[in-house]
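Data first, discussion second: the structure below is written as structure tokens.
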Amino acid sequence: MLLRVLDETVGPGRYVLGLTADHGVAPIPESRALAGLDGGRIDKRAVLEAVNAALAPALGPGRHAVRMDGAQVYLSAEAQARVASTPSLLDPAVAAVARMAGVERVLPSAGLEQQRQSADPVVRAAALSHVTGRSGQLVVISRPYYIASDPNPDATTHGTHHAYDQHVPMIFFGAGVKPGRYRETATPADLAPTLADRIGLPMPGADGRPHRQVFVP
């Protein structure tokens, strides 16, 4: 329908269309299990229970971990204040969650915003998703093919640094596009700069770069 409208309003061969996606998706864990492959779910309630139990000796009994949203564990305001003054209080919680099935690593979020250029791809991915004041105090990094789930989970989700979440296509179609498959490193942020470059529109400071190789010179 879209191509038909473009052909009618702009004209065949007179436009360029770009298509990409902002993320991929994890395979359904139960489907992998049926195929005899590794994969599973990390129970968010169990994560919160582990954090609360680990923090209890230092902070006293109570609900110190109040929710888990995606990979982010959020502490209560009181717990956040205590941890901000003494970051090492989180160490037992980090260790406890890191021992859980399906968990690869656990990162305290304090200071992550300064590690966006980290050579560690796990830390870099977590840092790029971190927003100070809005993100949680712990980031739970899952093993490949494991996803954090609520009691009544969706079949699957996204949001990890694993390849199945990060690899998406970027497709160009139309006037001057050179047929082929190109394996240069790319990101969805390159889509707008590529189209802008094609029509000579400057995009200073854009988060992305043009891919001139996909067009006939």
Side-chain angles (χ1 to χ4, degrees), residues 17-44 46-47 68-74 94-95 97-109 111-131 134-150 153-173 177-195 206-215:
L17 185 69
L19 177 68
T20 189
D22 61 339
H23 60 77
V25 69
I28 298 173
E30 290 77 11
S31 296
R32 286 186 59 84
L34 287 174
L37 301 172
D38 188 32
R41 296 183 183 273
I42 302 168
D43 189 334
K44 291 183 178 180
V47 171
M68 184 174 179
D69 186 0
Q72 308 275 332
V73 175
Y74 290 80
V94 169
V97 177
R99 290 192 294 267
M100 297 179 67
V103 175
E104 181 176 299
R105 293 168 67 177
V106 182
L107 304 175
S109 66
L112 269 180
E113 67 280 359
Q114 300 170 11
Q115 301 189 63
R116 291 174 179 161
Q117 302 301 322
S118 172
D120 184 330
V122 175
V123 172
R124 181 175 181 274
L128 288 170
S129 298
H130 178 74
V131 180
R134 295 183 61 184
S135 296
Q137 286 65 58
L138 290 174
V139 184
V140 180
I141 309 298
S142 64
R143 286 174 49 199
Y145 307 111
Y146 282 80
I147 58 178
S149 294
D150 294 307
D154 294 329
T156 185
T157 186
H158 62 91
T160 74
H161 68 291
H162 299 306
Y164 47 75
D165 273 351
Q166 291 198 348
H167 285 187
V168 296
M170 185 160 62
I171 301 169
F172 293 95
F173 167 85
V177 174
K178 185 166 51 176
R181 298 186 68 175
Y182 303 88
R183 299 190 177 277
E184 291 87 351
T185 300
T187 163
D190 296 341
L191 181 64
T194 300
L195 295 176
D207 185 12
R209 65 184 181 90
H211 289 272
R212 300 185 179 95
Q213 72 275 16
V214 304
F215 294 103

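These numbers come from the heavy atoms of this one structure, side chains and all, not from hydrogens, waters or symmetry mates. These numbers were taken from a predicted model, which means no experiment stands behind them.
Considering only residues two or more places apart in sequence or on other chains, Arg99 meets the side-chain hydrogen bond (donor to acceptor under 3.5 Å, both in side chains) condition with none of them. With sequence neighbours excluded, the residues that form a ring-ring contact (aromatic ring centres under 6.0 Å, His included) with His162 are Tyr164. With sequence neighbours left out, Val177 forms a side-chain contact (heavy atoms from CB on, under 4.5 Å) with Val16, Phe172, Phe215. Here Asp43 pairs with Arg45 under the salt bridge (charged side-chain N to carboxylate O under 4.0 Å, His left out) rule; sequence neighbours left out. Judged as a side-chain contact (heavy atoms from CB on, under 4.5 Å), and not counting sequence neighbours, the contacts of Thr157 are Ile147. Val106 meets the side-chain contact (heavy atoms from CB on, under 4.5 Å) test with Val94, Val97, Ala98, Val103, Leu138; sequence neighbours excluded. For Arg143, the side-chain hydrogen bond (donor to acceptor under 3.5 Å, both in side chains) partners are Asp38, not counting sequence neighbours. In terms of the side-chain hydrogen bond (donor to acceptor under 3.5 Å, both in side chains) criterion, residue partners of Ser149 (sequence neighbours excluded) are, by chain and number, Arg41. For Arg105, the side-chain hydrogen bond (donor to acceptor under 3.5 Å, both in side chains) test picks out Asp120, with sequence neighbours left out. For Ala206, the side-chain contact (heavy atoms from CB on, under 4.5 Å) criterion is met by Pro193, Met203, not counting sequence neighbours.
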Check your understanding: Could you go step by step and tell me if Asp69 and Tyr74 meet the side chain to side chain contact (heavy atoms under 4.5 Å, CB included) rule?
Key -> CA-CA 8 Å; Asp69 186 0; Tyr74 290 80; 3.9 Å; yes
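The nearest pair of heavy atoms linking Ala101 to Ile42 is O-CG1, 3.8 Å. Nearest heavy atoms, Pro169 versus Thr20: O-OG1, 2.8 Å. Across all non-hydrogen atoms, the minimal contact from Ala155 to Pro29 is O-CD, 3.8 Å. Between Val139 and Ala126 the shortest heavy-atom distance is CG1-CB, 4.4 Å. The two atoms that bring Gly70 and Ala148 nearest to each other are O-CB, 3.8 Å, heavy atoms only.
Panel note: side chain Arg116, backbone His130; a donor-acceptor pair is recorded below 3.5 Å. Although no hydrogens or angles enter the test, the distance criterion places no donor-acceptor pair under 3.5 Å between the side chain of Asp207 and the main chain of Ala189. The closest donor-acceptor contact from the side chain of Asp165 to the backbone of His158 lies at 3.5 Å or more, if one exists at all. At distances below 3.5 Å, not a single donor-acceptor pair connects side-chain atoms of Asp190 with backbone N or O atoms of Gly208. Looking at Thr156, its side chain never comes within 3.5 Å of a backbone N or O of Ile28 through a donor-acceptor pair.
Taking the side chain as every heavy atom from C-beta outward, Met100 and Val140 never approach each other to under 4.5 Å. In this structure, the side chains of Pro188 and His23 stay at 4.5 Å or more apart for every pair of heavy atoms. Side-chain atoms of Glu104 and Val122, non-hydrogen and from C-beta on, do get closer than 4.5 Å to each other. Contact of the Glu113 side chain with the Gln115 side chain is not registered, since no non-hydrogen atoms from C-beta on lie closer than 4.5 Å.
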Could you list the donor-acceptor pairs under 3.5 angstrom formed between side-chain atoms of residues 178-186 and any protein atom two or more places apart in sequence or on another chain?
unit_1: Lys178; atom_1: NZ; unit_2: Gln213; atom_2: O; d: 3.4
unit_1: Tyr182; atom_1: OH; unit_2: Lys178; atom_2: O; d: 2.9

